[in-house]
Protein chains: 4
Amino acid sequence: MHNAPRPDPADTPGPLLDGQPEPRARRGRPVGNHEEKRTGLLKAVMSVIAREGYADTSMRKVAQQAGCTTGAVTYYFANKEEMVTAAARHLFDEFDILLHGGSDLDIGALIKEWLNLAKTDEADAWLALFQLMAHARHEPAFAKVFEERYARFREAFSSVLTRGQRDGTVRGDVEATVLADLICAMGDGWMMAKPIEPERFTDARKEALLAAVLTLIAPPPAR
Amino acid sequence: MHNAPRPDPADTPGPLLDGQPEPRARRGRPVGNHEEKRTGLLKAVMSVIAREGYADTSMRKVAQQAGCTTGAVTYYFANKEEMVTAAARHLFDEFDILLHGGSDLDIGALIKEWLNLAKTDEADAWLALFQLMAHARHEPAFAKVFEERYARFREAFSSVLTRGQRDGTVRGDVEATVLADLICAMGDGWMMAKPIEPERFTDARKEALLAAVLTLIAPPPAR
Amino acid sequence: MHNAPRPDPADTPGPLLDGQPEPRARRGRPVGNHEEKRTGLLKAVMSVIAREGYADTSMRKVAQQAGCTTGAVTYYFANKEEMVTAAARHLFDEFDILLHGGSDLDIGALIKEWLNLAKTDEADAWLALFQLMAHARHEPAFAKVFEERYARFREAFSSVLTRGQRDGTVRGDVEATVLADLICAMGDGWMMAKPIEPERFTDARKEALLAAVLTLIAPPPAR
Amino acid sequence: MHNAPRPDPADTPGPLLDGQPEPRARRGRPVGNHEEKRTGLLKAVMSVIAREGYADTSMRKVAQQAGCTTGAVTYYFANKEEMVTAAARHLFDEFDILLHGGSDLDIGALIKEWLNLAKTDEADAWLALFQLMAHARHEPAFAKVFEERYARFREAFSSVLTRGQRDGTVRGDVEATVLADLICAMGDGWMMAKPIEPERFTDARKEALLAAVLTLIAPPPAR
DNA sequence: TATGAATGAGTTTTCATTCAT
DNA sequence: TATGAATGAAAACTCATTCAT
């Protein structure tokens, strides 16, 4: 039943595009660690989404990117939705780390981070995140991931702002959570706009945008 | 008799799902109803994109939504990309009208418009716009549409703000174009977040967000 | 998205196995009649099921058998279940005709029909019927077809028996419907056994079986 | 932590679904529990076939049902065909026991047995048997098993009938082997029909069918 | 202008099978 | 003896596109 020859192009592992040390396309029980490989696949998912866009992401392409067969991909993820949800979760995990490491930063630094989101190594992550958000509405499974994680994101931001208000570096006439909402929305807006017209976000413009935000949230000058 | 043929579901025109009021004969030079039907199809495209998401939009579904055959769709649009680009263009045309009609509004009203973007009749338009933006990066043909039109959008906003600055209702210590950029980014952020977690945008919250923006861009209080 | 070359073996129409006059693998709107082609496909389904068994029936094989592409098959049937259900319905339609044409036969002739079910031209039909029955339990869609049609089958049989009872050619001490049930069950049993061990059903044996049934249902001899 | 690996569902042993009472250490020469485990697997095969139907039976599902890994299944059976053939053989072994234990029964009891084949504990066995028969024609390996074992089955039945004829409880004008053939065919027919329309086999109907068979094979009444 | 049959390449998913460990 | 990662082939289904009518 399963023995006629027809080599699926994606089932003969293509050229290694990712940096796995040595994938060894051999049969039998391999040495590698499950969790490790899974993470590798998740990275591949992310970069395919970032490069091709969500609509053109297929498990085949992911397999090719990871340098393995489609079979291997479906071995790690029951189906596409699960794969993509796992990728979303993984993405947020990365941002959580970024955020925790940066919780002692001031607001300016945080916003700068956002505006610079295309710094090559993280660029894929942000690009993918946007693509995933666009589809959150239609894949309930990861709409949930978003709600949970995004809330944490906003809270972190909001607590930094509260601290700023206590310090007197942030204006006190607008509730911190509301400010956080506004700034987060702005950040999302940039995430959406930058991939489309990156040339609009020159360094000078980014400086100006950052300065403007800081001006807006600064306490009104005592005249 | 007992067993009707099942041709392609999209090839047997389904019930008219869209609410076109019937291609009415117009006064004067009879404009070929080519344009009219095309517009009808564009509406269908939009509502399919809004409902299913860009990734799950197919010409078949569009045909079904419009109540015609796939053949008809490919007759009006050479291919999918053209169809989708045309839809993007059409969307922006609608927003242009909205914007021109509203150019005498004050900033508060404009922002409110954005925050309420889910008002049922326009909801589809916004939803679709967001979906299209997510793919602008991967369909160069309509990335262009976006750059052009979005620029006009921001300019319109910016001119309203400039007027506000002259009136003294908007703070003058931040350039109007920069303010426009910030507020537009915020708007985009809401457009992205609302479909995912609509419950977060209660009327009260929307009021608070609007008030906050107005507070931020108001001139610092004279003491 | 849809343009890399990888000729699916079943998508390049294979050798014509069925006797279609000329399938013309050309694009564009073909001449043929929808219903006709559908019936042709149904025949192909039947012969694949008969030849390969239900478990090894695939839409690919059906396409090959019919001399068309898999796409064409899915064009006529939304999915496998629908295809197979349609085939079941079609099969029963054929038997209905057989039965109506034979309603003036006596019981002996009807049973003989059953025992000879492997007469090459109808053999496929019976073989396929058995394969389908085996799966009726797991495909609710055509379990229904079976219940409906099979009931008619038994009724037809039962009315012939009733007539026999009135004529005095069939014993009257067992209700006709019960007798019909018994004989139908027997027929099913033969349908099941014959494909497995055809050599057991020699002409002599069939004669003996038929004679035995007739003896059993004959009125007890007046002694 | 939050995100456990999802290896092949059948490769992480699920909960024991079958009711094996625990491989108990036996008295005397310890028979390697290879045979025992194999038998357990065969039970699993049977219940999967019964539940899902032959076409939807996979080695994965068998592994899950048995609560072990796919590897284990392929360790015990070289391939699917062997597995399925072994299951067939095992099934017949069970029926042989049933038959030997019942060889002193009268015909009525035997037929009753058949009509009641859905008695929950044996139901699976009958269901599976039917599924396997449907495929006997296409898996020559177990078509053989069938011919051999089925012949024994019929012989056993036939000898009971012969005894009946000697006793005068069974009519003598039809050869016992022919009678056996007829009744076996009927039994097969019921096996086929019952799963599809169980509601047709009420207790009353079963009584009537049984009574009818007994009437038919009873010696013609002396007047 | 519009239809709808058919193509053919793609996608997701399932699975028997292999094999290092 | 048993595991479980991975392969590779197939299956079902989807879809943009073509084109005679």
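Throughout, protein chains are lettered first and strands after them, A, B, ... in sequence-line order, and every chain is numbered starting at 1.
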Exercise for the section: In whole angstrom, give the distance that lies between atom OH of Tyr76(B) and atom P of dT18(F). Expected result: 19 Å

Completion exercise
The side chain to side chain contact (heavy atoms under 4.5 Å, CB included) partners of Glu81(D) (sequence neighbours excluded) come to Asn79(D), Thr85(D), Glu139(D), Ala141(D)

Handout entry: Partner set under ring-ring contact (aromatic ring centres under 6.0 Å, His included) for Tyr75(B), not counting sequence neighbours
Key = none

Practice task
Name all residues meeting the ring-ring contact (aromatic ring centres under 6.0 Å, His included) criterion together with Tyr76(D); count only those two or more places apart in sequence or in a different chain, and write none if there are none.
Solution key: His34(D)

Exercise for the section: Please check the phosphate of dT1(F) (OP1 and OP2 only) for any side-chain N or O of His34(D) closer than 4.0 Å. Expected result: yes

Exercise for the section: Would you kindly compare Lys37(C) and Tyr75(B) by the position of their nearest DNA chain E nucleotide and give the one closer to the 5′ end? Expected result: Tyr75(B)

Problem - All salt bridge (charged side-chain N to carboxylate O under 4.0 Å, His left out) counterparts of Glu82(D), not counting sequence neighbours - result: none

Practice task
Measure the distance from CE on Met59(A) to P on dA11(F) and round it to the nearest whole Å.
Solution key: 20 Å

Practice task
Please identify each residue that fulfils salt bridge (charged side-chain N to carboxylate O under 4.0 Å, His left out) with Arg38(D), with sequence neighbours left out.
Solution key: Glu35(D)

Practice task
May I ask you to evaluate whether Ser58(D) reaches the phosphate of dT14(E), defined as a side-chain N or O under 4.0 Å from OP1 or OP2?
Solution key: no

Handout entry: Nearest-nucleotide comparison on DNA chain E, the residue closer to the 5′ end among Ala72(B) and Ala78(D)
Key = Ala72(B)

Exercise for the section: Identify whether any heavy atom of Thr74(B) sits under 4.0 Å from a base atom; if not, whether one sits that close to sugar-phosphate; answer base, sugar-phosphate or nothing. Expected result: base

Practice task
Would you indicate, yes or no, if dC15(F) has its OP1 or OP2 atom less than 4.0 angstrom from a side-chain nitrogen or oxygen of Arg60(B)?
Solution key: no

Practice task
Stems involving DNA chain E: give each as a range paired with a range, ordered by first number, where a stem means at least three consecutive Watson-Crick or G-U wobble pairs under 3.5 Å.
Solution key: E:2-21 with F:2-21

Handout entry: Distance in angstrom units between Phe77(D) CZ and dT1(F) C1', rounded
Key = 15 Å

